[in-house]
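Structure first, commentary second.
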Amino acid sequence: MIDSLVTFITGLADPLGSGGTAVAIVLFTLAVRTLLLPFVLRQARSAKVRERLAPKVRQLQKRHKRDPQRLHKEVGALYAKEGSSQFAGVLPGLAQVPFMWLMYQVATHPTALVGHDLFGAPLGQQMAGMIAKYGLISGPMLVFVVLVAAIAVVALLSWHRTRKTMPAEQPELMRKILPLMSFGAVAAALVLPLAAGLYLLVSTTWTLVERALLFRPVAIQPL
């Protein structure tokens with residue numbers, strides 16, 4: 001299945017000329033993220049409901065802190081009035097995982113990307129291999145460095161936004177760890193093939209814009 005998909009994507013590159021495979025990877029990534037939009041929209045709606053109900057949930061937690069069963073029942077009823085549930089955002093999130101895994105498999109395919117490049121930098125080559133083959137100061141290495149730098153910029157913006165929008169009730173340890181997860185894509189790009197880095201750049205940029213537009217903080221009315 002993966003081989004067929006990779007063949008399909010590289011086949012799309014033929015009419016695109018030089019660097020066509022890189023363009024095909026970008027376009028395919030955008031197409032997949034577009035198909036996932038309905039799941040993301042459901043997540044966004046669930047997040048807004050959860051944020052809007054947070055003050056009432058905290059009140060219920062204080063009121064029924066010694067009665068977990070009653071608390072669970074009351075919180076469930078609170079969400080039911082909104083036509084939602086505490087776990088409404090979980091399934092849409094899980095539904096995205098197979099698509100993300102599929103794109104990762106395409107971008108790290110060991111053989112299909114042989115002979116395909118981006119501005120002279122082999123798409124199937126990792127940074128260590130690039131240095132060994134072309135040297136530390138070379139055109140292909142410059143392409144790799146620029147790509148990683150672009151991912152780092154997106155990660156920095158994501159880090160800043162995560163810190164800014166994180167709920168106040170989030171545990172202190174999580175408030176420190178969650179924003180740093182934005183830099184995982186940078187670490188991955190340093191050890192994965194250039195094609196995977198290209199996928200990461202497109203996907204993380206999409207996620208940043210998506211969250212800025214759909215996951216805006218909700219104005220909480222005082223109780």
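- At least one donor-acceptor pair under 3.5 Å links the side chain of Thr204 to the backbone N or O of Leu200.
- Hydrophobic clustering (ILVMFWY, side-chain heavy atoms < 4.5 Å, transitive): Phe144 and Phe119 are in one cluster.
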Exercise for the section: Please report the C-alpha distance between Thr207 and Ser158 in whole Å, then the side-chain angles of each, then the deciding distance to 0.1 Å, and finally whether the side-chain contact (heavy atoms from CB on, under 4.5 Å) criterion is met. Expected result: CA-CA 9 Å; Thr207 298; Ser158 298; over 6 Å; no
Exercise for the section: Walk me through it: do Trp206 and Thr34 pass the test side-chain contact (heavy atoms from CB on, under 4.5 Å)? Expected result: CA-CA 10 Å; Trp206 178 287; Thr34 301; 3.4 Å; yes
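- Taking the side chain to side chain contact (heavy atoms under 4.5 Å, CB included) definition, one finds that Val26 meets it with Leu30, Leu198, Val202, sequence neighbours left out.
- Using a 4.5 Å cut-off on side-chain heavy atoms (C-beta onward), His160 and Leu156 make no contact.
- Judged purely by atom type and a 3.5 angstrom limit, Arg211 has no side-chain atom pairing as donor or acceptor with the backbone of Arg161.
- The distance from atom CG of Leu41 to atom CZ of Arg45, rounded to the nearest 0.5 Å, is 6.0 Å.
- Tracing side-chain contacts under 4.5 Å through hydrophobic residues (I, L, V, M, F, W, Y), one reaches Leu190 starting from Leu118; they form part of the same cluster.
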Please tabulate, for side-chain N and O atoms in residues 147-154, each donor-acceptor pair with protein atoms closer than 3.5 Å (sequence neighbours left out).
none

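- Going from atom OH of Tyr199 over to atom CG of Leu201 covers 12.0 Å, rounded to the nearest 0.5 Å.
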Residues 122-139, side-chain donor-acceptor partners within the protein, below 3.5 Å, at least two apart:
residue, atom, partner, partner atom, Å
Gln126, NE2, Val191, O, 2.8
Ser138, OG, Gly135, O, 3.1
Ser138, OG, Met141, N, 3.4

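- Put simply, CG on Leu208 and CH2 on Trp159 are 14.0 Å apart, with the number rounded to the nearest 0.5 Å.
- Across Ala155 and Val186, no two heavy atoms sit closer than the pair CB-CG2, 3.9 Å.
- Remark: Arg70 pairs with Glu74 by the side-chain hydrogen bond (donor to acceptor under 3.5 Å, both in side chains) rule, at least two apart or across chains.
- For Ala189 against Gly197, the heavy-atom pair with the smallest separation is CB-CA, 4.5 Å.
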